[in-house]
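Report on one structure; see the data block that follows.
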Amino acid sequence: MAVQKLRAQAGPLRMADVGAQVALSPREDFVDFADFKPREPHGAEVRGLVDELPAWARALAPLRAASPAAV
């Protein structure tokens, strides 16, 4: 539910979102609530999500270049 609400807010801000999502637990996917060490299958899901980011960046590069408000 929270992801859907964030996506609804990101659209008007002209932010793109990746389709994949990973539900991480501070208790189970972090050591001492600080060091990120995802358990499987979360590790594979996080790697897949991170692997998507360069493709999104390349695909959206022309839009960023065309927009005078782009940072």
Side-chain angles (χ1 to χ4, degrees):
M1 192 73 144
V3 171
Q4 291 175 348
K5 289 194 178 279
L6 286 172
R7 285 182 173 157
Q9 296 299 316
L13 296 173
R14 300 181 67 195
M15 295 170 60
D17 65 84
V18 294
Q21 58 186 355
V22 181
L24 299 172
S25 165
R27 183 176 310 206
E28 297 174 359
D29 294 307
F30 292 84
V31 177
D32 296 326
F33 296 96
D35 297 320
F36 184 55
K37 187 172 178 163
R39 61 193 161 92
E40 290 301 330
H42 291 168
E45 292 172 351
V46 169
R47 284 187 292 279
L49 187 138
V50 170
D51 288 346
E52 280 186 46
L53 295 178
W56 275 97
R58 285 189 301 274
L60 296 172
L63 294 174
R64 287 192 306 274
S67 174
V71 177

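Just so it is clear, the values below take in all heavy atoms, side chains as well, and ignore hydrogens, waters and symmetry mates. Each residue takes its place number in the sequence, starting with 1. Because the structure is predicted, anything quoted here is derived from the model rather than measured.
Among all heavy-atom pairs drawn from Glu40 and Ala44, the shortest one is OE1-N, 3.5 Å. Of all heavy-atom pairs between Ala8 and Pro12, the closest is O-CD, 3.0 Å.
Side-chain heavy atoms closer than 4.5 Å link hydrophobic residues (I, L, V, M, F, W, Y) into clusters, and following such links, possibly through other members, connects Leu53 to Leu60. In terms of hydrophobic clustering, with Ile, Leu, Val, Met, Phe, Trp and Tyr side chains grouped at heavy-atom distances under 4.5 Å, Val3 and Val46 are assigned to different clusters.
Identified under the side-chain hydrogen bond (donor to acceptor under 3.5 Å, both in side chains) test for residues 26-35, with sequence neighbours left out: Glu28-Arg39, Asp29-His42. Applying the ring-ring contact (aromatic ring centres under 6.0 Å, His included) test to every pair with at least one member in residues 11-31, sequence neighbours left out, gives these pairs: Phe30-Phe36.
Under a 4.5 Å side-chain heavy-atom criterion applied to ILVMFWY residues, the cluster that includes Leu13 comprises Met15 as well.
In this structure, the side-chain contact (heavy atoms from CB on, under 4.5 Å) partners of Ala61, at least two apart in sequence or on a different chain, are Arg64. In this structure Leu49 satisfies the side-chain contact (heavy atoms from CB on, under 4.5 Å) test together with Val18, Ala20, Val22, sequence neighbours excluded. Residues forming a side chain to side chain donor-acceptor pair (under 3.5 Å) with Gln4 (at least two apart in sequence, or on another chain): none.
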